[in-house]
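Only a predicted model underlies this, so the values are computations on that prediction, with no experimental measurement involved. Nothing fancy with the numbering, it's 1 onward along the sequence.
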Amino acid sequence: MWSVFFTPVFGSILLLRDWQAIGDNDQVKLGWIWLAVSLCVVIVTMFVGKYGLVYLIVWYFAWQKRQTEYITEKWRKDIPRKGWILPLLSGALTVAVFVVMGVTVRSL
């Protein structure tokens with residue numbers, strides 16, 4: 001859900017880190033691809049502005065949902081959890097940087 005506010009780049013980083021912690025190297029490789037594509041889409045969206053929501057939906061069903069189902073099936077309610085403060089602060093800072101970049105580029 002945080003990817004709605006912080007873009008799929010944020011979610012892709014979290015998913016990538018989760019797959020690394022799980023130790024699934026095939027999913028880690030896919031995670032790097034999704035991260036790169038997400039970053040490209042966010043940059044294009046800064047200029048065009050139309051594709052962000054469409055990509056978010058595609059990203060969710062094609063990539064994020066897979067991990068949710070895997071974790072739910074494997075751990076049920078006993079999912080090992082980590083804190084949200086550092087990821088959320090990082091996400092907010094990253095979005096702020098992109099907003100400033102977008103405003104700067106559009107004003108040129």
Counting only heavy atoms not in Leu89, do more than 12 fall under 6.0 Å of its CG?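 For Leu89, atom CG is crowded (more than 12 foreign heavy atoms under 6.0 Å).
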Between Gln27 and Trp19 (side chain of the first, backbone of the second, donor and acceptor by atom type, cut-off under 3.5 Å), is there such a pair?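 Flag not set: sc Gln27 to bb Trp19 has no pair under 3.5 Å.
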Check the pair Trp59 / Ser12 against side-chain contact (heavy atoms from CB on, under 4.5 Å), numbers first and verdict last. CA-CA 9 Å; Trp59 172 85; Ser12 292; 2.9 Å; yes
Find out if a path of hydrophobic residues (ILVMFWY) with successive side-chain heavy-atom gaps under 4.5 Å connects [X] to [Y].
| X | Y | result |
| --- | --- | --- |
| Leu30 | Ile22 | yes |
| Leu39 | Val100 | no |
| Val54 | Phe61 | no |
| Val42 | Ile57 | yes |
| Val58 | Val41 | no |

Nearest-0.5 Å distance that lies between atom [atom1] in [X] and atom [atom2] in [Y]:
| X | Y | atom1 | atom2 | result |
| --- | --- | --- | --- | --- |
| Leu93 | Leu88 | CG | CG | 12.5 Å |
| Trp34 | Leu15 | CH2 | CG | 10.5 Å |
| Arg17 | Leu35 | CZ | CG | 12.0 Å |
| Gln64 | Leu14 | CD | CG | 9.5 Å |

Taking atom types as modelled and ignoring hydrogens, do the side chains of Ser38 and Tyr55 form a donor-acceptor contact shorter than 3.5 angstrom?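 Yes.
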Does any part of the side chain of Phe6, heavy atoms only, come nearer than 4.5 Å to the side chain of Ser90, both counted from C-beta?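 Result no, sub-4.5 Å side-chain heavy-atom pair not found.
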Non-hydrogen side-chain atoms of Gln67 and Asp24 separated by less than 4.5 Å: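 Gln67 does not reach Asp24 side chain to side chain.
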